[in-house]
Structures are given as structure tokens and as C-alpha cells.
Amino acid sequence: MPFRYQRPPSVAAAWSRKIGRFALLLAFIAVLFHRGGLLTLPNTVAVILLATFLAAVVLGLAVIGFFMLWHIGAKGGHAAFSGMVMALLVLAPVGVATSRYITLPAIHDVSTDVEQPPEWLEPQEITPSWLPRSDGDAPVAREQQVLSYPKVAGRRYDGAIDRVLLAVRAAAAERKWIPVANIGVEALVDGLEPTSETVSDEQLEQIASGEADPARAPVPLQRPDIESGVIESLPTYAVLQYRTRTLVLGIPQDVLIRLSEEEETTFVDMRAATRDGNHDLGLNADLIRGFLHDLDVRLLGIAGG
């Protein structure tokens, strides 16, 4: 009778697949529960860190499984490969976040005006947790922002504040930002002359709900030089506060937009902040840059420094 070699099973490969499934499911449920509001961000971070530790263990077990397959022909190649893939699905996004955590400044509040940032109209909803939290307005934090995000600056547009305000509100509605509070907005909107270019509140709500295509804001024009009590009484300053969440992880962010009319131009400043921890992983700077880019497009790129 010919001798037939019996391949021993690889225990490490089998466990890599089992633990890998658990780690991937754990991370997925944590993100899903956070998106649904059932899990706070600090608790989500804690669960993801646990899943990351398990994924690192899975990766080590998968390597052992491949080693045993290569040297003694142990069974478990498919199991080791499955475990490795599931571990990488957990470790890859965590690795990206870790690289941003190391390379970007440890700040959670970014403003286009570091000397006189816009003041919050409604205080941020901060819940104490195990994540450390420092003062985002501290001079050290603002210095770190200037060094790391030198291109995060306000925009100057040729046009009256009421026309620029329309573009700001339309861009915020398109991003489905939730309004929180404002100053000077109602007077500016009521003072606008009804034209076909004006975006109404009903249209903005339809844009935010996805029932209508985002309306293009009118090109900012200089206010007509006529004797009108309504136009003369319009304010030259407005502040809008919104809240939003990131697309994938649903991290809460608070946003301020300040408009200041200066002669025949309007200057737009922004401020964005996360609510948990000392590090925003660059999310706030990305939000400001993205919104100002959209605003440039809506205003036909007529912007200055």
C-alpha cells in the first residue's frame, strides 16, 4: 500500500479566520451604531481600538498559518488568507487615520481668521469623556494651524453682502447642513428685491431634502446706487451657524460663517470645530476648503484674498 502523507491542520490559520470575522464585525457595528446615534464618538473610538488590536493579532496568526503551510504543508491556507484580508480591512483605515494623527497638528478648531475668529452663536455641545480636550482658541493651537494650513483663509467677493449671502445659504443647503442660529440674515433676506434669481427659503429646504436640484446663486452684483430706505438700512454684517456630520463616520462638526461688507466687496470668514478630543485629523480644514471652493464656483470664481 502506498504511503499517503497526512497534512496536519494549522490551528493558527483557523483562529485567524475566526477572530478576523469578529474584529471586522466589531468595527463595522461600532461605525454603524455611531452613524445611528446609538454610540458616542469616544466609545466608538474605544471599540475600534479594540478591533484594531484583534486585527493585529489576526494578522500575526495568518502569518504563522502561511509559515506552517510553506514548511510542513499544514492545512489552512484559505483560512489564513481570509483572516489576513479581514484584518487588513480593519487596519487600513485605522492606518490612514493614524498617519493623519501623526502628520497633522493636534487641533480641533480651525478658523480662517486666527486673530479674531467668529464667536459661536450657540455653544458647542461638549460631553466630557476619556478623550482629552483643550482650548481650541489657545494661541498655541492657532499657531499650529497657521503653520500646517497656511492656505485656509477667507475670501473676498465683489458684490453686496445680500447677494453673497444667497450663495452661502444655497451651498450650505446643498451640503444638507442643519441651521442652528444666525445674526443679520433675516434683515438681509427681507431686504432683497424679489427677482427670478432670488433663492427662497422653500427652495433651500427642497435642496436640503433632496427634492430639488441645488439652485445656482446669482452673480454677486454691486447694490444699486439709489435713494431707498430699505437698501440703506440693510446690515453689513451677518453670521450663520450650522451643524453637520462627516460622510462615512458621522463625526459631528459645528460650522460658523461670517460675512462682512466692506465698501463694494464682501469678505467671508469660516470656523469649523469637532466636538470630541484634541485632534480633528484635518477634517475641519478640509470642510472649510471644500465649502469655499463651492462658494467660488457659485460666484463664478470672482474671489480675492
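In this chain, residues are counted from 1 in sequence order. Because the structure is a prediction, the values reported are computed rather than measured.
Salt bridge status for Arg142 with Asp109: present, with a side-chain N to carboxylate O gap under 4.0 Å.
Under the 4.5 Å side-chain contact rule for hydrophobic residues, Val47 and Leu41 do not share a cluster. A continuous path of hydrophobic side-chain contacts links Leu38 to Leu25 [ILVMFWY only; heavy atoms under 4.5 Å]. Val152 and Val168 end up in the same hydrophobic cluster when Ile, Leu, Val, Met, Phe, Trp and Tyr side chains are linked at under 4.5 Å. In the hydrophobic cluster analysis, where Ile, Leu, Val, Met, Phe, Trp and Tyr join through side-chain heavy atoms closer than 4.5 angstrom, Phe291 is grouped together with Val164. Under a hydrophobic-cluster definition in which Ile, Leu, Val, Met, Phe, Trp and Tyr are linked whenever side-chain heavy atoms come within less than 4.5 Å, directly or via other members, Leu54 and Ile48 are assigned to different clusters.
The closest side-chain heavy-atom distance from Arg169 to Val185 is below 4.5 Å. Side-chain atoms of Leu165 and Leu240, non-hydrogen and from C-beta on, do get closer than 4.5 Å to each other. Here the side chains of Arg275 and Arg243 are in contact, with some heavy-atom distance below 4.5 Å. Looking at heavy atoms from C-beta onward, Ser260 lies out of side-chain contact with Asp269 at the 4.5 angstrom threshold. Residues Phe22 and Val58 form no side-chain contact, since every pair of their non-hydrogen atoms from C-beta on lies 4.5 Å or further apart. Counting only heavy atoms from C-beta outward, the side chains of Met84 and Phe66 approach each other to under 4.5 Å. Side-chain contact between Thr244 and Leu287: present, with at least one pair of heavy atoms (C-beta onward) separated by less than 4.5 Å. Residues Tyr157 and Leu295 meet the side-chain proximity criterion, which asks for heavy atoms closer than 4.5 Å.
We find the OG1-NE2 distance between Thr40 and His34 to be 7.0 Å, quoted to the nearest 0.5 Å. Rounding to the nearest 0.5 Å places OH of Tyr149 at 10.0 Å from CD1 of Ile288. In this structure, the separation between CZ on Arg258 and CD on Glu119 is 9.0 Å, given to the nearest 0.5 Å. The line from OG1 of Thr274 to CZ of Arg245 is 13.5 Å long, rounded to the nearest 0.5 Å. Atom CE of Met270 is separated from atom CG of Leu256 by 9.0 Å, given to the nearest 0.5 angstrom. In this structure, the separation between CD on Gln145 and OG1 on Thr112 is 8.5 Å, given to the nearest 0.5 Å.
Side-chain N/O atoms of Asn278 and Ser134 include a donor and acceptor closer than 3.5 Å. No hydrogens or angles considered: a donor-acceptor pair under 3.5 Å links the side chains of Gln253 and Asn284.
For Trp130, the CH2 atom is densely surrounded, since the number of other residues' heavy atoms within 6.0 Å is greater than 12. Around the CE atom of Met68, the shell of radius 6.0 Å holds no more than 12 heavy atoms that belong to other residues, nucleotides or ligands. Within a 6.0 Å sphere centred on CG of Leu147, heavy atoms belonging to other residues, nucleotides or ligands number more than 12.
A donor-acceptor contact shorter than 3.5 Å is absent between the side chain of Glu122 and the backbone of Val180. Distance alone, capped at 3.5 Å, places no donor-acceptor pair between the Arg271 side chain and the Asp254 backbone.
The salt bridge (charged side-chain N to carboxylate O under 4.0 Å, His left out) test with Arg156 is passed by exactly one of Glu262, Glu261, Glu264: Glu262.
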